[in-house]
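Below, each value reflects all heavy atoms present in this structure, side chains not excepted, and no hydrogens, waters or symmetry copies.
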Amino acid sequence: RDQKITKFKVSVPEETITDLRSRIQSDLARLSPPLEGSNFEYGFNTEFLKEVANYWMEEFDWKSQETLLNSFPQFKTNIDGLDIHYLHVKPKQPFGKKVVPLLLVHGWPGSVVEFLDIIPLLALGDDTLAFEVIAPSIPGYGFSSAPTKPGFNLQQAAKIFQKLMARLGHEQFYCQGGDWGSLITTNLATLFPENVLGLHVNMGGVISPGGTLKNLLILVPGMKYLLVDQEDMEKVENPGTNFVQILRESGYLHLQATKPDTIGVGLSSSPLGLAAYILEKFSTWTKPEWTGLESGGLGGGHPIKMDRMMANIMLYWVTNSITSSMRFYKENFPLNHDISRIPLQMPVGFADFPEELYRAPKFLITGKFPNLIQYTRMARGGHFAAMEVPELLTQDVINFVGKAEKQLNKVVKQEF
């Protein structure tokens, strides 16, 4: 079997850019005006979308983004018939530090662009630790090839990434992920516990049956005071408000988990349609109250730079991968409950970001993660934590791995 690894560089043909520009022009001619004073309440405000289009055509410099991407060593290798694209960054000055392999997995509507700020920080590490980072594109996303048969779900993605790490010589490694990344890495740790030294996630997606039961029990008067940490009370105080917010923000999920190909037709032929669809998530998933602003908070003062958000959109556009990326929802819903029933024994760290769409209280995740050695209530940040607050997330990962290594060393000592 072919185990070849080839170097990869991002290079988008000029005609793709020319075609994109002409499509943006024709999109602009067809925008429906927004309702008066509706801001982002009805979705992406088209008045502001005109500004985005103008920025995209006049100011945004794809060539410099391409150069930035290509400053990271990138490779492709074929696993189970799929070409897997990944960034592979080793520490420059590892002297006197322990170098630890880390599998870093993105989500939707993200890509490896999510990690361009955090990878250098992880590779630098601190005085004692540094990370060798492997950040793959999920099959169907970015420069990885898309599955051609139905059934490519979380378990399949986990198997492919485990094989990728083995091919790179890492029999044991740490994992980190948010969004789909948290679910893929949790699945990987469940299916291949012998390969995963520790797991760090910044979104709680896998709830054990016991956790689900506890979630129902907190509705019983007085019961929450027995189950819920004081610091987590706000997450369970207003189940109605939280539910409505999740309902309002999860329409995309129902659509993608049922008819991804239908919506894919519009999004893969209209660049402004694609930009609106993705940028809207960068608005509400960063701060939910930004729906009350005409720019959805994307105009200025957003913690993520506009050129970085646009580079992410470009990755979807130039690879025409929006449809295949959305199919991952269809393949995974309803979620596989066998995975949630198996508790993980390895050390787990959880970063709880205050603006995350769905915040998992600590009591909800200890069933799946009995060895939860770190649960950090983060000072700030939302869904796209690696882009918004790379320093905070890096520090949390470093702290977690430091604790996990101590625990693993104790176990090793006891065994001898």
Side-chain angles (χ1 to χ4, degrees), residues 8-13 15-17 19-20 23-24 27 56 60 62 65-66 68-70 72 74-87 104-116 135-154 156-157 160-161 164 177-181 183-184 252-253 255-282 308-333 384 387:
F8 178 78
K9 280 238 182 295
V10 181
S11 176
V12 175
E15 53 267 32
T16 304
I17 305 298
D19 173 65
L20 168 67
R23 285 174 190 261
I24 294 174
D27 279 355
W56 202 351
F60 177 70
W62 169 244
Q65 295 300 317
E66 219 173 46
L68 174 66
L69 270 162
N70 288 331
F72 292 81
Q74 293 171 76
F75 305 89
K76 271 191 176 185
T77 190
N78 193 283
I79 301 174
D80 297 348
L82 292 168
D83 285 331
I84 306 302
H85 162 260
Y86 60 98
L87 275 53
L104 190 57
V105 186
H106 68 85
W108 186 92
S111 63
V112 292
V113 169
E114 288 183 58
F115 300 135
L116 300 185
S137 298
I138 301 169
Y141 288 70
F143 299 106
S144 281
S145 61
T148 53
K149 299 185 188 77
F152 188 87
N153 59 14
L154 284 161
Q156 302 295 327
I160 279 185
F161 290 166
L164 172 66
D179 194 83
W180 278 129
L183 291 165
I184 291 172
Y252 79 96
L253 191 148
L255 210 51
Q256 293 172 194
T258 51
K259 308 288 174 73
D261 287 32
T262 305
I263 187 171
V265 176
L267 298 181
S268 55
S269 52
S270 159
L272 289 191
L274 181 69
Y277 199 66
I278 292 178
L279 284 175
E280 187 225 277
K281 305 300 172 219
F282 277 87
R308 198 53 58 84
M309 291 192 266
M310 294 310 294
N312 178 56
I313 289 163
M314 284 293 283
L315 232 59
Y316 279 89
W317 182 262
V318 301
T319 57
N320 199 7
S321 58
I322 189 65
T323 306
S324 50
S325 78
M326 296 191 297
R327 284 182 190 144
F328 203 50
Y329 287 78
K330 172 84 170 168
E331 302 295 6
N332 284 302
F333 282 100
F384 301 100
M387 295 177 93

Taken in chain and number order and not counting sequence neighbours, the residues that satisfy side chain to side chain donor-acceptor pair (under 3.5 Å) with N332 are none
Residues at least two apart in sequence or cross-chain that pass side-chain contact (heavy atoms from CB on, under 4.5 Å) with L253, listed by chain then number, are S250, Y329, F333
L104 CG to F115 CZ distance, which is reported to the nearest 0.5 Å: 4.0 Å
Can you name the side chain to side chain donor-acceptor pair (under 3.5 Å) partners of W108, sequence neighbours left out? S325
Qualifying residues under salt bridge (charged side-chain N to carboxylate O under 4.0 Å, His left out), relative to E280, sequence neighbours excluded: none
Atom OH of Y316 and atom CE of M326: how far apart are they, to the nearest 0.5 Å? 9.5 Å
Applying side-chain contact (heavy atoms from CB on, under 4.5 Å), can you list everything that pairs with Q156, at least two apart in sequence or on another chain? F152, N153, K159
Under the side chain to side chain donor-acceptor pair (under 3.5 Å) test, which residues partner N70, sequence neighbours left out? Q74
Name all residues meeting the ring pair (Phe, Tyr, Trp, His ring centres under 6.0 Å) criterion together with H85; count only those two or more places apart in sequence or in a different chain, and write none if there are none. F8, F143
Point-to-point distance, once rounded to the nearest 0.5 Å, from OG of S145 to CD1 of I84: 6.0 Å
side-chain contact (heavy atoms from CB on, under 4.5 Å) partners of D261, counting only residues at least two apart: T323, R327
So, taking the atom named CG in L279 and the one named CG in L272, what distance separates them when rounded to the nearest 0.5 Å? 10.0 Å
S144: which residues meet the side chain to side chain donor-acceptor pair (under 3.5 Å) condition with it, sequence neighbours left out? none
Who passes side-chain contact (heavy atoms from CB on, under 4.5 Å) against T16, sequence neighbours left out? V12, P13, V318
Distance check, rounded to the nearest 0.5 Å: E331 atom CD versus L154 atom CG? 10.5 Å
Check salt bridge (charged side-chain N to carboxylate O under 4.0 Å, His left out) between D83 and all other residues, then give those that pass, not counting sequence neighbours. none
About how many Å separate CE of M309 and CZ of F384, when rounded to the nearest 0.5 Å? 9.5 Å
Partners of F328 by ring pair (Phe, Tyr, Trp, His ring centres under 6.0 Å), sequence neighbours excluded? W180
